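In what follows, a single structure is set out as structure tokens and then discussed.
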There are 2 protein chains.
Amino acid sequence: MMGPAEEVSPLTLNRLSFYLRSLRHLQEQGIKRVSSQELAQRYHLSATQIRKDLAQFGEFGIRGVGYEVRHLRERLRHLLGLERTQNLVIVGVGRLGTALAAYPGFNSDGFRVVGLVDSDPAKIDRRIGGLRVRPTAELADVVRDGNAIMGVLTVPTAAAQASYDALAAAGVRAVLNFAPTQLRTTRGVRVKTVDLRIGLEELGFFLARAT
Amino acid sequence: MMGPAEEVSPLTLNRLSFYLRSLRHLQEQGIKRVSSQELAQRYHLSATQIRKDLAQFGEFGIRGVGYEVRHLRERLRHLLGLERTQNLVIVGVGRLGTALAAYPGFNSDGFRVVGLVDSDPAKIDRRIGGLRVRPTAELADVVRDGNAIMGVLTVPTAAAQASYDALAAAGVRAVLNFAPTQLRTTRGVRVKTVDLRIGLEELGFFLARAT
DNA sequence: TCATGTGAAGCAGTTCACAGCG
DNA sequence: CGCTGTGAACTGCTTCACATGA
């Protein structure tokens, strides 16, 4: 039955994202129904785990048949809050910020970049993907004008905390942080830190002992 | 005791990377010794977990005292294979590939980008951070010339599998994949897929239910 | 004495096996 | 009958509590 699911593990959450992507893929192929087993085989997952993960939030399937692709996809989109588009402001328009501003995953299916901000005067008024870079001082306006709910931090590590605080003050509710540093968080403004180096180090570990 | 540690969980591995970064930070501040408890408090970790994680690979500390920062850092660097620099080739010099080519984390402390490859003729011979972009057909040469051991995939999803196969054929031992797709892997060529959207979706989930 | 290293306990996340329902 | 949904068993990760040794 329905579960408000007070706490959901990050592992489950990542799998839900992956299920959603897989369903999109199936739907593009015109497939209407899928069983947990078929889904598992196609995308190297565990059938039981798919069912357990989904059951946490309701009964989405039809016994004896499987899941209706369109319906399940809708439910997952709802669950992950992707029904309404969430607007993003990117703080720090270096190479990484520029790349993310135009990144398909940040401009489709639930997310859209609506504002760019940088502290470097040389970058102000530059245009990236239809957006004009505005000065950090105007951050609050950029957030308001774009009706942004999330911020993306792509500034140097030393500037990350100040930028986070500014985003929090501007009314953003969540921040995706690419600076490899631990941020002191404000109540009500969730942070998710992504360290691009960790993937390399994980691979390096295995190479180190494979030799 | 020494442990060959046949299997190490990704969670542990990520924490080891984080410990290493924290130790670097401490060393920069001139701190010589640190206890697991102090480390935990400073960086929001668990002291017991730090000790358990480290104990898996040997006895690195001094009972009654703590850990010598320099020594522990060296051991972690060794464990993660960062003592010798691992050379990277980036396949796909779009905005993301360009950003990573110059990303500090990909060009310091164990990693270095030594080659760039793209299939778009318009990008060939372009220079990015001292490196010349070369055609995909020359991938094997680029890997050999640069003595590269890892590849970084920043091509469109549709091209990811072919690029992975080419990297594997060129003799690379590990691939960091930024395309949101499941790759069919070649024996001996490990893959780690990083999906930049997942962080957004995780945050979106919490925003969806906070409202 | 004090903080590490570690068996034992506790908890979470995964897999199993099958009841329940279309 | 077939596949979902789910208690129960299991596996693995985290935390506890303390023996060990500098």
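Side-chain atoms are counted along with the backbone in the values below, which use heavy atoms only and exclude waters and symmetry mates. Just so it is clear: chains get the letters A, B, ... in the order the sequence lines come, proteins before strands, and each one is counted from 1. Predicted, not measured: the structure shown is a model, and the values here were computed from it.
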*Ignoring hydrogens and angles, are the base of D/dT20 and the side chain of B/R63 linked by a donor-acceptor pair under 3.5 Å?*
yes
How many Å lie between [atom1] on [X] and [atom2] on [N], as a whole number?
X	N	atom1	atom2	answer
A/L54	D/dT4	CG	C1'	10 Å
A/R51	C/dG13	CZ	C1'	16 Å
B/F57	C/dT4	CZ	C1'	17 Å
B/E68	C/dA3	CD	C1'	15 Å
A/L72	D/dT4	CG	P	11 Å
B/F60	C/dT6	CZ	P	11 Å
A/Q37	C/dC16	CD	P	12 Å
A/E59	D/dC3	CD	P	18 Å

Below 4.0 angstrom, N of the basic side chain to O of the carboxylate: do [X] and [Y] qualify?
X	Y	value
A/E28	A/R24	no
A/R184	A/D165	no
A/R42	A/E38	yes

*asked:* For B/R112 and B/T85, which I'm curious about, is there any donor-acceptor pair between the side chains at under 3.5 Å?
replied: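 Short answer, no.
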*Does A/S36 put a side-chain nitrogen or oxygen below 4.0 Å from OP1 or OP2 of D/dT4?*
yes
*Give a yes/no on whether any side-chain N or O of A/Y67 is located under 4.0 angstrom from OP1 or OP2 of D/dG5.*
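Checking D/dG5 against A/Y67, a side-chain N or O does come within under 4.0 Å of OP1 or OP2.
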*With nearest nucleotides of DNA chain C determined for B/G61 and A/V65 from heavy-atom distances, which residue corresponds to the more 5′ nucleotide?*
B/G61
*Heavy-atom donor-acceptor pair, B/Y164 side chain to B/N177 backbone, under 3.5 Å*: no
*For the side chain to side chain contact (heavy atoms under 4.5 Å, CB included) test, which of B/T154, B/I128, B/V133 pairs with B/T98?*
B/I128
*Do B/R190's NZ or CZ and the ring of A/F206 fall within the cation-pi criteria of under 6.0 Å and 45°?*
yes
Identify the pairs formed between an N or O of the protein and an N or O of nucleotides 11-15 of chain D at a distance under 3.5 Å, and give each distance.
unit_1	atom_1	unit_2	atom_2	d
D/dT14	OP1	B/R15	NH1	2.8
D/dT14	OP2	B/R15	NH2	2.9
D/dT14	OP2	B/Q49	NE2	3.1
D/dT14	O5'	B/Q49	NE2	2.9
D/dT15	O4	B/K52	NZ	3.1

